[in-house]
S.K.: 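Here's a structure for you.
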Amino acid sequence: MRWILLRFGTLHSCPSNTNYVDIDASAVSGIILSMIHPSLQTKIRYFLAVADAMSFRKAAARLGIAQPALSRSVRQLEDHLGFVLLERSTRHMALTPAGQVLFREAADAMNRLDRACARAAQAAQGLSGTVMVGYSTFAANGPMSDIIIAFRRRYPSARVGLRLLASPEQATAIEDGTLDLGFMMSNVPTNSALRMPISRERLIALVPSDHAFATSKSIPLRRLTSVPIVIGTEVRWRGFRLLVDNMMRSAGLSLTIVEEADDLPVLLQFVRSGFGCSILDASFVATLPPGIRALEIEDTTETLDIVLACQQSHASPLVSHFLTEARSHVQLLAAGVQIAAD
């Protein structure tokens, strides 16, 4: 008999009459991993039990099989491989050099194979794997973090890959499969079959702490038309700009925009430095830096709504678990249940 192994692009072969061969340890690991036939895996596991106990009698007792059947199985494995694994006599048993290598490498390979099967089963059940999640700047301060933490605690073998993307970018990424889910603004159109409501925040005005408006707790919407405004760019903040434009247009008003910024820290620095006032949603109030006051905006019912979008028809079991966790979390919040962060 001859056995041939294709490993890393190299063919290794041995004649059937070879009793002892010099086998590279890493190659043996490759051999074992490639042996997927159940009967051959069983023979290898039997050999490992014998090599570990150094006794057919003890190994047979551990395995719960007859000693002759165990001896016959090991002999069949040697015939299949084409070399001797065990030196046997009535009073002595020892591993051959090939047997030593196979014992060492096969045990590791079988353990890895067992782990791989277990992980595959977990993935099939949605217990492990990676969920790719997009989020916008406006979702970061909402329930998203708590949802992800709760999901990771329930499924510790799962991973969550996070990508900061504008809502329109998320819509595209979900459609092309780059993202599984996206925490995005509800006013951005998507082809996603599922759009689960996550949070709703009122809009607020931001002013420098030394501004004339800073002594008030609220401000009429029309007064924002009398001050310079700094706001996010139309490219990166498209959804939010549409929201603000709709709020002003509904009131028959318009803003005087003097500066734009892609990033929130830059925008806040503009406000602190007195370049102008701005508009955000109320989820940012707790994280505002010193030097900025948040004011309620009167005369508007406009809100910033975050949804969790997903192509549910293509959702994996793990993504379905994430959606279930998100839905449960939102229901608890709606019921007024306080959810501990730790």
Side-chain angles (χ1 to χ4, degrees), residues 1-130 152 155-159 161 316-318:
M1 172 186 176
R2 294 174 61 85
W3 59 271
I4 299 177
L5 167 70
L6 178 60
R7 184 178 184 276
F8 301 127
T10 304
L11 284 172
H12 306 273
S13 63
C14 296
S16 59
N17 61 353
T18 301
N19 289 326
Y20 299 98
V21 294
D22 183 14
I23 305 176
D24 177 72
S26 60
V28 174
S29 177
I31 296 170
I32 299 302
L33 287 177
S34 68
M35 291 176 174
I36 60 173
H37 195 283
S39 64
L40 191 54
Q41 289 185 29
T42 299
K43 290 180 174 62
I44 294 170
R45 293 184 190 277
Y46 285 177
F47 162 73
L48 293 176
V50 173
D52 182 62
M54 288 310 295
S55 165
F56 278 96
R57 179 180 58 80
K58 292 179 180 179
R62 291 179 187 175
L63 294 169
I65 63 174
Q67 183 175 330
L70 178 59
S71 180
R72 183 167 56 253
S73 178
V74 173
R75 180 66 69 184
Q76 289 172 348
L77 176 62
E78 290 175 321
D79 291 342
H80 179 89
L81 294 176
F83 47 81
V84 176
L85 300 172
L86 291 165
E87 293 177 342
R88 309 167 180 84
S89 70
T90 56
R91 295 184 178 182
H92 175 74
M93 179 187 296
L95 291 170
T96 65
Q100 292 173 8
V101 173
L102 190 60
F103 175 51
R104 181 174 64 251
E105 297 295 326
D108 177 66
M110 284 301 183
N111 287 335
R112 284 187 282 129
L113 184 59
D114 288 341
R115 288 196 299 271
C117 290
R119 289 172 181 169
Q122 284 187 324
Q125 299 172 47
L127 302 178
S128 67
T130 300
R152 288 284 286 108
Y155 302 99
S157 296
R159 294 174 59 87
S316 68
L318 191 61

S.K.: Tell me, do Thr42 and Tyr46 make a side-chain contact under 4.5 Å, heavy atoms counted?
M.R.: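 When only atoms from C-beta onward are counted, Tyr46 and Thr42 do touch, with a gap below 4.5 Å.
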
S.K.: Return the minimal non-hydrogen interatomic distance between Ala59 and Ala53, and the atom names on each side.
M.R.: N-CB, 4.1 Å

S.K.: Mind checking the CG-CZ spacing from Leu40 to Arg45? Nearest 0.5 Å is all I need.
M.R.: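 So the CG of Leu40 and the CZ of Arg45 are separated by 11.0 Å.
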
S.K.: Ignoring hydrogens, what is the shortest heavy-atom contact between Gly99 and Phe47? Give both atom names and the distance.
M.R.: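 In terms of heavy atoms, the two residues are closest at O-CZ, 3.6 Å.
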
S.K.: Got a sec, which residues hit side-chain hydrogen bond (donor to acceptor under 3.5 Å, both in side chains) with Arg88, two or more places apart in sequence or on another chain?
M.R.: Glu78

S.K.: Does any non-hydrogen side-chain atom of Thr96 lie less than 4.5 Å from one of Phe83?
M.R.: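 SC-SC contact between Phe83 and Thr96 ruled out.
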
S.K.: With a 4.5 Å heavy-atom cut-off, do Gln76 and Lys43 have their side chains touching?
M.R.: yes

S.K.: Which residue pairs pass the salt bridge (charged side-chain N to carboxylate O under 4.0 Å, His left out) test with at least one member in residues 92-103, sequence neighbours excluded?
M.R.: none

S.K.: Could you tell me which non-hydrogen atom of Leu95 sits nearest to which non-hydrogen atom of Ala51, and how far apart they are?
M.R.: CD2-CB, 3.9 Å

S.K.: For residues 48-74, which residue pairs qualify under salt bridge (charged side-chain N to carboxylate O under 4.0 Å, His left out), counting only residues two or more places apart or in two chains?
M.R.: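 Checked against salt bridge (charged side-chain N to carboxylate O under 4.0 Å, His left out) - neighbours excluded - the pairs reaching residues 48-74 are Asp52-Arg62.
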
S.K.: Counting only heavy atoms not in Arg75, do more than 12 fall under 6.0 Å of its CZ?
M.R.: no

S.K.: If I compare all heavy atoms of Leu81 with all of Leu102, which pair ends up nearest, and what's the gap?
M.R.: CD1-CD2, 3.8 Å

S.K.: So which heavy atom on Ala60 is nearest to which on Leu70, and how close?
M.R.: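 Between these two residues, the closest heavy atoms are N-CD2, 3.5 Å.
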
S.K.: Could I get the full list of side-chain contact (heavy atoms from CB on, under 4.5 Å) partners for Ala94, not counting sequence neighbours?
M.R.: Glu87, His92

S.K.: Ignoring hydrogens, what is the shortest heavy-atom contact between Leu318 and Thr130? Give both atom names and the distance.
M.R.: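 Shortest heavy-atom contact: CD2-N, 3.8 Å.
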
S.K.: Taking side-chain contact (heavy atoms from CB on, under 4.5 Å) as the definition, give me every residue that meets it alongside Ser71, ordered by chain and number, with sequence neighbours left out.
M.R.: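 Testing Ser71 for side-chain contact (heavy atoms from CB on, under 4.5 Å), a comparison that skips the adjacent residues, returns Phe56.
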
